[in-house]
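What follows is a single structure, written as structure tokens, with notes after it.
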Amino acid sequence: MELLSLEKELRENSYPGRGIVIGRTKDGTKAVAAYFIMGRSQNSRNRVFVEDGEGIRTQAYDESKMEDPSLIIYAPVRVLGNQTIVTNGDQTDTIYEGMQSKGLTFEQSLRSREFEPDGPNYTPRISGILQVENGHFNYAMSILKSADGNPDACDRYTFSYENCVAGEGRFIHTYMRDGSPLPSFEGEPKRVTVPDDMESCVKLLWSNLNEDNKVSLFVRYIDIATGAYETRIVNKNQ
């Protein structure tokens, strides 16, 4: 698979929707997780990321303008021991509870969920999980999507990555591009370059997301040796 420029992938796509990037820095010392949201409607754009314990949640920027919160208010990031869960919906809680209380795997926990009920788009549910333990790092990504726009069937794909290559990561997003209806992401998560330091990563992601549609960004760099992490949140609504 071709190694792509993350900057170019974002700059040339006005509406990838919501996206997850997971990877490893070039020096091999940090695991990287990033999540961004975009929006076309006032309801989708009326959001910010806020810290919530070791994770984050979305909340309305202006409560008076909030319409339907069902698919836009959720916890995108939660931490379970040495595992960090990142998703584009309330399936974060499904994964967390399945793994913590039911002894399920990441993939098994998602068996109870499918794509979002927002026809005609049927937005895919994208999820990722990172595990940093004893100086080792691995991760997995998942997408639950309609069968080429047909809501009668759910296609489920899980991708696992071990012995992660330094300086590289994977990028998955909800939509291939803007459209009506919005076309779901296709194929394996894209192989992309990962910046070595967090500030460069934040700048690269935020500056190349479409100015009209970008809403919020979360970036976390986790020290693979110690598990210590640093987090940055950027919100368009300040």
Side-chain angles (χ1 to χ4, degrees), residues 3-13 16-38 47-59 75-88 92 126-141 161-173 189-211 213-238:
L3 180 63
L4 303 173
S5 161
L6 184 54
E7 176 181 4
K8 186 171 185 244
E9 288 299 304
L10 294 173
R11 188 177 62 244
E12 296 183 354
N13 189 345
R18 287 164 269 170
I20 298 172
V21 179
I22 301 177
R24 188 172 193 159
T25 55
K26 190 174 182 180
D27 64 10
T29 65
K30 304 288 193 306
V32 180
Y35 175 61
F36 64 79
I37 59 174
M38 307 180 81
R47 289 185 288 174
V48 292
F49 285 165
V50 297
E51 291 189 82
D52 184 15
E54 293 185 286
I56 64 169
R57 59 184 169 84
T58 62
Q59 71 177 30
V77 179
R78 294 189 69 180
V79 174
L80 178 60
N82 57 19
Q83 299 176 105
T84 303
I85 303 163
V86 186
T87 91
N88 73 325
T92 310
I126 56 172
S127 308
I129 188 166
L130 305 79
Q131 179 169 300
V132 175
E133 184 176 22
N134 299 324
H136 297 284
F137 164 51
N138 61 74
Y139 67 97
M141 288 178 151
Y161 304 95
E162 296 186 14
N163 300 320
C164 315
V165 177
E168 295 184 13
R170 296 287 176 150
F171 174 35
I172 193 169
H173 45 95
K190 298 172 180 177
R191 179 175 168 237
V192 294
T193 53
V194 172
D196 234 15
D197 66 277
M198 180 156 48
E199 296 308 325
S200 296
C201 185
V202 171
K203 183 177 180 181
L204 183 153
L205 291 166
W206 191 248
S207 64
N208 286 287
L209 287 169
N210 180 269
E211 183 63 31
N213 296 322
K214 66 184 179 183
V215 176
S216 294
L217 169 68
F218 159 90
V219 177
R220 176 167 291 176
Y221 272 47
I222 306 169
D223 188 287
I224 295 172
T226 67
Y229 62 81
E230 291 185 86
T231 301
R232 295 286 185 277
I233 291 173
V234 183
N235 292 306
K236 188 172 184 180
N237 294 314
Q238 297 289 350

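Atom set for the values below is all heavy atoms of this structure, side chains included, hydrogens, waters and symmetry mates excluded.
The shortest side-chain heavy-atom distance between Met141 and Ile22 falls under the 4.5 Å cut-off. Counting heavy atoms from C-beta on, the side chains of Arg232 and Phe218 never come closer than 4.5 Å. Looking only at side-chain heavy atoms (C-beta outward), Asn88 and Pro76 stay at 4.5 Å or farther from each other.
In terms of the side chain to side chain donor-acceptor pair (under 3.5 Å) criterion, residue partners of Lys214 (sequence neighbours excluded) are, by chain and number, Glu211.
Looking at every heavy atom in both residues, Val32 comes nearest to Leu130 through O-CD2, 3.8 Å. Closest approach of Asp223 to Thr226, counting heavy atoms only: OD1-N, 3.0 Å. Nearest heavy-atom pair, Asn237 versus Arg47, reported as atom, atom and distance to 0.1 Å: ND2-O, 3.4 Å. Across every non-hydrogen atom of Met38 and Val215, the tightest pair is C-CG2, 3.8 Å. When all heavy atoms of Val192 and Leu3 are compared, the closest pair comes out as C-CD1, 3.6 Å. Annotation for Val219 and Cys201: closest pair CG1-SG, 4.1 Å, computed over non-hydrogen atoms.
Taking 4.0 Å as the cut-off between side-chain N and carboxylate O, Glu168 and Arg191 count as a salt-bridged pair. Using a 4.0 Å cut-off between charged side-chain N and carboxylate O, Arg57 and Glu51 make no salt bridge.
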TODO: Test Ile20 against Phe171 for side chain to side chain contact (heavy atoms under 4.5 Å, CB included), laying out the working first.
DONE: CA-CA 6 Å; Ile20 298 172; Phe171 174 35; over 6 Å; no
Open item on the list: Under the criterion side chain to side chain contact (heavy atoms under 4.5 Å, CB included), I'd like the reasoning laid out for Arg18 against His173: C-alpha separation, chi angles, the key distance, then a yes or no.
Closed with: CA-CA 5 Å; Arg18 287 164 269 170; His173 45 95; over 6 Å; no
- [ ] Evaluate side chain to side chain contact (heavy atoms under 4.5 Å, CB included) for Ile224 paired with Arg24, printing each intermediate quantity in order.
- [x] CA-CA 9 Å; Ile224 295 172; Arg24 188 172 193 159; 3.5 Å; yes
Open item on the list: Evaluate Glu199 against Tyr221 for side chain to side chain contact (heavy atoms under 4.5 Å, CB included), listing each step before the verdict.
Closed with: CA-CA 10 Å; Glu199 296 308 325; Tyr221 272 47; over 6 Å; no
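The CG atom of Asp27 lies 10.0 Å from the CG atom of Asp197; values are rounded to the nearest 0.5 Å. A distance of 8.0 Å separates CG in Asn235 from CD1 in Ile37, rounded to the nearest 0.5 Å. Here the straight-line distance linking atom CG of Asn208 with atom CG of Leu6 works out to 8.0 Å at 0.5 Å rounding. In this structure, NZ in Lys203 is found 15.5 Å from CE in Met198, a value given to the nearest 0.5 Å. Going from atom OG of Ser5 over to atom CD of Glu12 covers 8.5 Å, rounded to the nearest 0.5 Å. The distance from atom CZ of Phe49 to atom CD1 of Ile56, rounded to the nearest 0.5 Å, is 4.5 Å.
Note: Tyr161 and Tyr139 meet the aromatic proximity criterion, with ring centroids under 6.0 Å apart.
Looking only at atom types and distance, the side chain of Thr231 has a donor-acceptor partner in the side chain of Arg220 under 3.5 Å away. A donor atom on one side chain and an acceptor atom on the other are not found under 3.5 Å apart for Thr87 and Ser127.
A donor-acceptor contact shorter than 3.5 Å is absent between the side chain of Arg170 and the backbone of Lys190.
Of the residues Asp52, Ile85, Val86, the one that meets the side chain to side chain contact (heavy atoms under 4.5 Å, CB included) test with Val77 is Val86.
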